[in-house]
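Index from 1, following the sequence.
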Amino acid sequence: MLKDLCLLNGTSGDESAVREYIISQIKDYCDYRVDALGSVIAFKKGKKTPDKSVSINAHMDEVGFIITDVTDEGYLRFSPVGGIDSRVCLDRVVSIGNNCVKGVIGDKAVHLLEKEEEKKAPDFDKLLIDIGAENKEQALKAVNLGDFAYFESEYYEFGNGFIKSKALDDRIGCMLMIELLKGELEYDTTFCFNVQEEVGLRGAKCTSYAVQSDISVILEATTAADFDGVTGSDRVCILGKGAVVSYMDRSTIYDKELYSLAMNTAKEFDIPVQTKTAIAGGNDAGAIQSSGAGSRVIAISLPCRYIHSAASVVKKSDIDNTRKLLEKLLNRIYD
């Protein structure tokens, strides 16, 4: 399921393929609706109706690009959709529009770079996509302004239990929610598959107003910097050390009781768990926490190397341990 989800294209504002797949998986297990922005809100009856309502949230969208102009020579100008470091784009193959036109992201030839240009990442307005067109007219027969473009990326497993793909952020969260919806639940639960997280938590703003849950669990992927040359707290979190439970990031201060509950639950059941050693990033919790009357929030994230690129990497054991923690924690949240 994770491979299927990751290989679907669905940047912010263009999530329809991901949404259709999710609906095909959950439609026989719950009641669901699609809101005006395109998020899926699903409700599943459990064995009991709790005193306090709980929602589980993940976002469907991924980072990508949008075509903004075409040069006279037939090259495409573009802008990022979501937070992408331009350095991960150089020489990458992308797929553009509904016809999946292939192109290569190019920069000025290295021997033509000025000394100052050699020291920094290129700005996006200096990058172009080459689709092999001879001129502007020919290019516009293949693509349209406003078309979305996506990293071309294979999904594969490698090394000692690692997975590489695009869009692991946050198709892992979507997969875990689908699994829960297909299983038996102890308590009634609402699930929000949100759109447009990568461009300002927009989908979650709408679903959280509609759902107004007392407690909200956010499933995410978060940046790991555990590679050679990075030490101490700069590593943020580490692949293979379990799920990441955050106490604070740039958009949210998480509920302290829920944070402690997650950590204590992991300890009691001997489930590997860690927290972030830097106040960085953010997720849908930032919108959910302050919507309407507010919601108590907790984020459970997968450590992910090279996030927001064509080659994000996670470890299978972290997915397994996140699944275990989520199962144990959900029953305790309702107590």
Where the side chain of [X] meets the backbone of [Y], is there a donor-acceptor pair that is under 3.5 Å apart?
{"X": "Q212", "Y": "A293", "answer": "yes"}
{"X": "S301", "Y": "A221", "answer": "no"}
{"X": "K27", "Y": "Q25", "answer": "no"}
{"X": "D35", "Y": "G38", "answer": "yes"}
{"X": "S295", "Y": "S213", "answer": "yes"}
{"X": "K182", "Y": "M177", "answer": "no"}
{"X": "Q138", "Y": "E134", "answer": "yes"}
{"X": "S291", "Y": "Y209", "answer": "no"}

Task: Chi angles and distances behind the side chain to side chain donor-acceptor pair (under 3.5 Å) call for S216, S55 - done: CA-CA 5 Å; S216 302; S55 69; 3.3 Å; yes
Open item on the list: Enumerate the salt bridge (charged side-chain N to carboxylate O under 4.0 Å, His left out) contacts for residues 165-177, please, sequence neighbours excluded, ordered by first and then second residue.
Closed with: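 Found E62-K166, E62-R171.
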Is [X] salt-bridged to [Y], going by a charged N under 4.0 Å from an acidic O?
{"X": "D226", "Y": "R305", "answer": "yes"}
{"X": "E184", "Y": "K45", "answer": "no"}
{"X": "K136", "Y": "E73", "answer": "no"}
{"X": "K315", "Y": "D318", "answer": "no"}

Give me the other members of the hydrophobic cluster that [X] sits in, counting Ile, Leu, Val, Met, Phe, Trp and Tyr linked by side-chain heavy atoms under 4.5 Å, directly or via other members.
{"X": "L201", "value": "none"}
{"X": "Y156", "value": "F158, F162, F227, V230, L239, Y306, V313"}
{"X": "V297", "value": "I218, Y254, I288"}

Run the side-chain donor-acceptor check on residues 255-263: report pairs under 3.5 Å with partners two or more places apart or on a different chain.
unit_1	atom_1	unit_2	atom_2	d
D255	OD1	E257	N	3.1
D255	OD1	L258	N	2.9
D255	OD1	R296	NH2	3.1
D255	OD2	R296	NE	2.9
E257	OE1	R296	NH2	3.4
S260	OG	K256	O	3.1

- [ ] Could you tell me whether the side chains of S53 and Y187 share a donor-acceptor contact shorter than 3.5 Å?
- [x]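 No, no side-chain donor-acceptor contact under 3.5 Å.
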TODO: Given side-chain contact (heavy atoms from CB on, under 4.5 Å), test L176 with I172 step by step and report yes or no.
DONE: CA-CA 6 Å; L176 294 174; I172 292 176; 4.3 Å; yes
Open item on the list: Quick check: closest heavy atoms across V18 and N9, and the distance to 0.1 Å?
Closed with: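 Taking V18 first and N9 second, the nearest heavy atoms are CG2-O, 4.1 Å.
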Heavy atoms, side chains only, cut-off 4.5 Å: are [X] and [Y] in contact?
{"X": "F191", "Y": "V211", "value": "no"}
{"X": "T222", "Y": "C304", "value": "no"}
{"X": "H59", "Y": "E15", "value": "no"}
{"X": "K44", "Y": "D188", "value": "no"}
{"X": "E152", "Y": "S95", "value": "yes"}
{"X": "L90", "Y": "P122", "value": "yes"}
{"X": "D147", "Y": "I66", "value": "no"}
{"X": "D249", "Y": "N283", "value": "yes"}

Open item on the list: Tell me whether the rings of F78 and F65 are parallel (<30°), tilted (30 to 60°) or perpendicular (>60°).
Closed with: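 Rings of F78 and F65: perpendicular, over 60°.
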Task: ring-ring contact (aromatic ring centres under 6.0 Å, His included) contacts in which one or both residues fall within residues 6-46, not counting sequence neighbours - done: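 Qualifying pairs, neighbours excluded: none.
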